Amino acid sequence: MLAYLIRRLFAAAVMLVVIIMVVFGIFFLVPKWAGVDIAASFVGKQADPAAVEAVREKLGLSDPVHLQAWEFFKGIFAGRTFATGGDVVHCSAPCFGYSFKSEQAVWPVLTDRFPVTLGLALGAAVLWLVFGVAAGVLSALKRGSLWDRSAMVVALAGVSLPIYFTGMLSLATFAFGLKWFDAQYVPLGQSLGGWFGGMILPWITLAFLYAAMYARITRATMMEVLGEDYIRTARAKGLRERTVIGKHAMRSTMTPILTMLGMDLGALIGGAILTESTFNLPGLGQAVLNAIRNQDLPIILGVVLITSLSVLLANLVVDVLYAVIDPRVRLT
Amino acid sequence: MTEPGRSGAPVDGPAAASPSAASPAPSAFLDVRDLRVHFPTDDGLVKSVDGLSFRLERGRTLGIVGESGSGKSVTSLGIMGLHTAGRYGRRKARVSGEIWLNGTELLSVGADHVRKLRGREMAMIFQDPLSALHPYYTIGEQIVEAYRIHHDVGKKAARKRAIEMLDRVGIPQPDKRVDNYPHEFSGGMRQRAMIAMSLVNNPELLIADEPTTALDVTVQAQILDLIRDLQEEFGSAVIVITHDLGVVAELADDILVMYGGRCIERGPAEQVFHEPRHPYTWGLLGSMPRLDREQQDRLVPVKGSPPSLINLPSGCAFNPRCPYADVPKDDLSRTVRPELTEVGDRHWAACHMTQEQRERIWTEEIAPRL
């Protein structure tokens, strides 16, 4: 188990370096090869030539590529300084870049917005796990029944309907029509009830999509597991059916669900762009949307980095949980 | 007993042919009467077991033999009540007939009652111990669970019992191996653990469904020895289900040969082996590899494939594959299903050929070639 953990951690560290290098490549090498003036795109739309030159020097864009890469890499762990003559800007670690447009480091922008997205993703995950998995298990046990068919039709709708449709619909109905909830984001630190009220619709909207996928996966996996020999053995022991399902079958059904959860959570934490913009939540997704509108490249870069890192982290957690659930995994 | 003078015999003549609600509780430990297990499918009703009757006493071993799809495993799952427990979906197996276990009729007594008997009164060993054991729980956890369903004891006591059982089935260092997972055991060890799990509650009926099929040949003999020893020790009734006549020869007191969901021959093991009275049994014996006979250069397979269980051939189900189909018997084989008739002491076979015809074919044509 310990050896497995060490291997996973090591693999994650290697992956971390690879991710940083790939992101660097995407933002610095590819444009360079394509002949795009990187400095101009980092400054923004109305580039005044002097500012472009200043940024070129600050980013060290005239330096050899490996030096640039090293500065980029070092910045993330140790911070870096952007300097043009007397104009010195310090970006402390972890330096995810510096927005010359809004004249601020990217990291604080991200950390400001991160809790919003995290709250959205985690809250929705709880909802979709509870309802998706429960619906999937019930469908598997009552396959072919009216319940099964209607649940799967609803699931199909959930998978197919886009967030901006279900989101708008829920806003129109519950926030503006029935006035049950506010369509206003309130930070958690300000008011717990306000935060909750503002998050409920986004949670439900986002969870609807994922619950549908999880219900389908759970149903399929559960049906497969129920056909396994060890389930028959469990019944042959004289176990109650609810123990057979709740303990023996559920344990095996959790494995693929956990894999999906890791990837989905990782991706969502990097920003639920559609949900955040539909409900006007000031999260990472909205930040990246604004940055794209304003052509604020450093912010986009920062969000890309943090998204990749959260996927990496989520997968690491899933790998560890895997080993807890499935003893065979510990060997590999 | 419906057949006076025969009660107490481990394998008996056709027990009450038609299920009658008024039939009295039998004196035999296990008495299966006219068992039918049918599965509705899109193509029709699959009659996996269709009118099977047999009896078994404590301390005796019955070998049920037949090829794939003959209804052997379906029979065992039917006795265990596993066709109806946890069947999801609309299509449920239809099980009818009577299964008397120690004076209780299992098909009418209620699902929860049968569940409580499972694992305690009757236990089962499955073919492939790797897939039959849950991969996520340790051997110990699984045995402890099996014990604690039926015994109100603490975890410590149950664990002690599990270690004791592992020791009994010949697993070295049981106090350490108890915490291993199934994948950390070898195939033979896994089957031993499976046996330990099924015997943990001292069941009086043990059903072993192809207990050695998934194992190395070298391990097979050890497992068979173990089952025989344990039976002597616990005095339980054992049903061994197999397609391997060698396994049956090793273990069984009596043999029941199944074909197309029905019994076509049954009797004491020596008789079925040395004086078989059904062409299908001859075919099984001819297709069994024998190391002690040298002159035989080739195995003789039973030609053709098992019959469709939806549309069994009219008349004798084996007729289309029977090498003696043209032996004169008034075309009965094509029209009338043969009933089991007594062909020897406690020995029954279902064939339209006369006793004399079969005796002649066996002694003159079949036996010399084996």
Side-chain angles (χ1 to χ4, degrees), chain A residues 1 4 136-149 152 218-258 321-332, chain B residues 73 76-77 79-91 111-138 141-151 179-184 194 197-198 200-201 203 207 209 214:
Chain A
M1 186 75 182
Y4 171 81
V137 170
L138 275 179
S139 280
L141 297 188
K142 296 179 183 298
R143 72 191 66 150
S145 66
L146 190 65
W147 158 268
D148 178 27
R149 281 151 200 254
M152 285 305 119
T218 306
R219 178 178 182 269
T221 315
M222 179 56 94
M223 279 168 63
E224 196 185 311
V225 170
L226 284 176
E228 294 284 351
D229 284 357
Y230 56 79
I231 296 300
R232 190 180 55 188
T233 309
R235 292 198 183 107
K237 286 177 178 179
L239 286 175
R240 282 191 171 77
E241 193 58 22
R242 63 163 184 270
T243 315
V244 174
I245 303 293
K247 186 178 169 190
H248 290 251
M250 242 0 244
R251 178 113 182 228
S252 309
T253 308
M254 282 320 288
T255 316
I257 294 175
L258 205 64
L321 285 180
Y322 251 20
V324 173
I325 288 192
D326 186 347
R328 291 170 300 180
V329 169
R330 291 168 212 165
L331 297 172
T332 49
Chain B
S73 293
S76 60
L77 295 177
I79 295 171
M80 293 289 288
L82 290 176
H83 286 304
T84 39
R87 278 279 156 173
Y88 298 104
R90 287 165 305 160
R91 289 195 160 150
D112 204 54
H113 192 114
V114 177
R115 176 186 68 75
K116 284 176 185 152
L117 294 179
R118 272 203 294 276
R120 188 190 187 107
E121 292 273 307
M122 49 182 180
M124 200 160 169
I125 304 169
F126 295 100
Q127 176 171 347
D128 180 0
L130 181 57
S131 59
L133 290 166
H134 200 300
Y136 295 176
Y137 294 100
T138 63
E141 285 169 336
Q142 301 191 45
I143 299 179
V144 163
E145 185 183 44
Y147 191 61
R148 293 188 68 203
I149 308 164
H150 302 291
H151 291 88
D179 293 320
N180 281 167
Y181 289 94
H183 68 265
E184 295 169 308
M194 185 84 216
M197 188 165 87
S198 53
V200 72
N201 294 310
I207 303 177
D209 188 355

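Proteins get letters first, then strands, A, B, ... in listed order; numbering begins at 1 in each. Quick caveat: nothing in here was measured; it's all calculated off a predicted structure.
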For the atom pair [atom1] ([X]) and [atom2] ([Y]), what is the distance rounded to the nearest 0.5 Å?
X: S131(B); Y: F126(B); atom1: OG; atom2: CZ; result: 9.5 Å
X: H183(B); Y: Y136(B); atom1: NE2; atom2: OH; result: 11.0 Å
X: K237(A); Y: R115(B); atom1: NZ; atom2: CZ; result: 13.5 Å
X: L117(B); Y: I79(B); atom1: CG; atom2: CD1; result: 13.0 Å
X: Y147(B); Y: R120(B); atom1: OH; atom2: CZ; result: 9.0 Å

Quick one: what part of [X] sits under 4.5 Å from any heavy atom of chain A, side chain, backbone, both or neither?
X: Q127(B); value: neither
X: A146(B); value: both
X: I149(B); value: side chain

**Study point:** Options H150(B), M194(B), M124(B), ranked by heavy-atom pairs under 4.5 Å with chain A, top entry
**Key:**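 Of the options given, most contacts go to H150(B).
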
Review point. Pick from S198(B), G119(B), P135(B): which one has the most heavy-atom pairs with chain A under 4.5 Å?
Key: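 Among the listed options, the one with the most contacts to chain A is P135(B).
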
Review point. Checking I325(A) against chain B: side chain, backbone, both or neither under 4.5 Å from a heavy atom?
Key: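 Looking at I325(A), backbone and side chain both touch chain B.
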
Practice item. Check each atom of T255(A) against the heavy atoms of chain B and say whether the ones under 4.5 Å are side chain, backbone, both or neither. Key: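 The side chain, not the backbone.
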
Review point. So does D326(A) pair up with R251(A), basic N to acidic O under 4.0 Å?
Key: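 Answer for the salt bridge query: no.
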
Check your understanding: What residue, out of V244(A), L239(A), T243(A), has the most heavy-atom pairs lying under 4.5 Å from chain B?
Key ->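 Heavy-atom pairs under 4.5 Å are most numerous for L239(A).
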
